[in-house]
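Just below is one structure, and these are the notes that go with it.
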Amino acid sequence: MSSTPASSELSRSLGPWTLWGLGVGYVISGMYFGWNLGLVEGGSLGLAVATVLVMIMYVSFTLGYAELACAIPRAGGAFDYGLRAFGPAGGFLAGMAQNIEFLFAPPAIAFAIGAYVQVFLPGMPVLLTASLAYLLFTLVNISGVKAAASFELIVTVVAVIGLLLFAGINLPEVSWEALATNPLPKGWGGAFAALPFAIWFFLAIEGVANVAEETIHPQRNIQLGFGSAMATLMLLCLLTFVASVGIGGWERVVFPAGSTTASDSPLPLAMSQTVGTGHWITKLVAVIGLFGLVASFHGILLAAGRSTFEFGRVGFAPRWLGRVHPRFHTPVNALIANMVIGGVALFTGKTADIIVIACFGALMLYLLSTIALLRLRRTAPELERPFRVPGYPVLPWLTLVLVVVALVSMTITYPVAAGLFLLLLVISFGWFWWQRSHSVN
């Protein structure tokens, strides 16, 4: 494979403002859907407790991950950090965990895009909308990273405005009685079962690191992007949770009237209790909600393309995945391959299960990346670190404890999803080990 810039190098064009847009955009769909499924398990109190623990975990994790991203600004993110810290095998496992997260999150978001479209186009099939979204936004990502990031910034700003509008209308109607209704439907064990849906509030913010190779002055701008994005998301999470659950209780943002099937569009459900189902504001929230879903869907497709691209570029996956289009300078092959895999997951129709598997991938990524941070501090003291995690080593160890608690709790609660995630890791690692042994021989 050629090593010329046209074949394997990405171009630098991203600044701190676009990184904020990417960081918030990757995650913001988690405010518009998915988190409400955790209310079925934990109720308002159980999900709230899970969310506070997850917030602490993400703050400590992103500080450590920002150090790694500034020190090793490569498109592979966790893969490159694992490779530097542990060698090929550890790098592969960290990268594969990242791939699983980034491949399974978009199908879940695509379902929600279809559900939100149905709010104002009831006859539009969810799967058709989701499939069209995959095709359209893969093409947008192929067109160039600057265009993709600019688009991401625009839809993210609109989505943030939508959440602020939603909160501004609903917060005056919030009551303590509604927030405290049936707070623990399954006891305190429900708080542990709610963890993956609390994680969904912040899942994929680490994707900022995957565009480090395309960032101007990454050693400075990456830390600005991580910090500003995380602060924004914590505020939006708090506002969205209270302004949704505090209107009529948690059950009304999970189950539509007369239905026992959990909804993928909780914000329109909450808004309908304030102004009415057919009100133009309810429909406006649904339309703006699409911007939030599109922001995350498009943004994670972008990060996933870089993750798969890096796997191919170093030979840990078929090398054709590591090629860059000579005109657009984007990882076209990786983006198309990801679209095909995501489409297969999409047609299973299991949103909650897909979210849980994506969360397993994320937690394994967080675990291995944090261990890599600790190891590199000891084995590579010469590595230039423009940003260092404050409170070292307390914060990295806090991250490890919280990640392990989440992994153990989720494995106990969702054994089938845990088994499927482990099976994906074992099969892919077996292929990797065979391929490397075969190439050596």
Side-chain angles (χ1 to χ4, degrees), residues 17-36 105-121 124 126 128-141 143 145-170 200-205 207-208 225 228-229 232-233 235-237 239-241 243-244 253 263-272 275 279-304 351:
W17 182 232
T18 47
L19 289 178
W20 172 88
L22 287 171
V24 175
Y26 290 150
V27 178
I28 201 167
S29 69
M31 312 292 166
Y32 281 95
F33 93 107
W35 65 270
N36 62 313
I109 301 171
F111 274 117
I113 291 174
Y116 268 75
V117 167
Q118 279 196 331
V119 171
F120 49 91
L121 291 177
M124 190 68 172
V126 170
L128 177 59
T129 303
S131 300
L132 291 174
Y134 251 109
L135 178 60
L136 173 62
F137 293 108
T138 296
L139 291 175
V140 171
N141 269 285
S143 67
V145 70
K146 188 171 183 180
S150 298
F151 173 80
E152 180 77 357
L153 179 60
I154 292 170
V155 294
T156 297
V157 169
V158 173
V160 169
I161 292 172
L163 289 175
L164 295 176
L165 173 67
F166 168 79
I169 294 173
N170 274 16
W200 191 250
F201 268 126
F202 303 99
L203 187 83
I205 189 174
V208 172
S228 59
T232 302
L233 291 166
L235 175 62
L236 293 176
C237 173
L239 292 175
T240 302
F241 185 95
S244 298
V253 293
S263 172
D264 281 333
S265 53
L267 268 61
L269 288 180
M271 186 59 74
S272 67
V275 299
H279 199 282
W280 66 269
I281 293 180
T282 301
K283 293 185 177 180
L284 177 63
V285 168
V287 172
I288 296 177
L290 278 174
F291 281 83
L293 298 172
V294 164
S296 292
F297 183 70
H298 168 261
I300 296 175
L301 289 182
L302 187 151
T351 306

[X] versus [Y]: any side-chain heavy-atom pair under 4.5 Å?
X	Y	result
W35	F241	yes
N36	L269	no
L163	L267	yes

Can you list the residues that meet the side-chain contact (heavy atoms from CB on, under 4.5 Å) rule with [X], with sequence neighbours excluded?
X	answer
T232	W20, V24, L236
A243	F166, A167, N170, L171
S272	T277, T282
L132	M124, L128

On a heavy-atom basis, which atom in [X] and which in [Y] lie closest, and how many Å separate them?
X	Y	answer
V27	A204	CG2-C, 4.1 Å
I113	A133	CD1-CB, 4.3 Å
A295	I28	CB-CG2, 3.9 Å
A110	A130	O-CB, 3.5 Å
V285	P268	CG1-N, 4.3 Å

Atom [atom1] in [X], atom [atom2] in [Y]: separation rounded to 0.5 Å?
X	Y	atom1	atom2	result
L302	T138	CG	OG1	11.0 Å
L164	I169	CG	CD1	11.5 Å
L290	T129	CG	OG1	9.0 Å
L293	I288	CG	CD1	12.0 Å
F33	W200	CZ	CH2	4.5 Å
L233	S228	CG	OG	9.5 Å

Check for a donor-acceptor pair, side chain of Y32 on one end and backbone N or O of A159 on the other, with a separation under 3.5 Å.
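Yes, the answer is positive, given that a donor and an acceptor are paired below the 3.5 Å cut-off.
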Only counting residues at least two apart or in another chain, list the ones meeting ring pair (Phe, Tyr, Trp, His ring centres under 6.0 Å) with Y26.
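Result, ring pair (Phe, Tyr, Trp, His ring centres under 6.0 Å) vs Y26: none returned.
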Ring pair (Phe, Tyr, Trp, His ring centres under 6.0 Å) with F291: which residues, sequence neighbours excluded?
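F291: no ring pair (Phe, Tyr, Trp, His ring centres under 6.0 Å) contacts found.
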Taking side chain to side chain donor-acceptor pair (under 3.5 Å) as the test, write out the residues that go with T156, two or more places apart.
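Partners of T156 under the side chain to side chain donor-acceptor pair (under 3.5 Å) test: none.
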Sequence neighbours excluded, which residues qualify as side chain to side chain donor-acceptor pair (under 3.5 Å) partners of S296?
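For S296 the side chain to side chain donor-acceptor pair (under 3.5 Å) partners, ignoring immediate neighbours, are S29.
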Could you label the plane-to-plane angle of the H298 and F137 rings as parallel, tilted or perpendicular, counting under 30° as parallel and over 60° as perpendicular?
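Correct class here is perpendicular.
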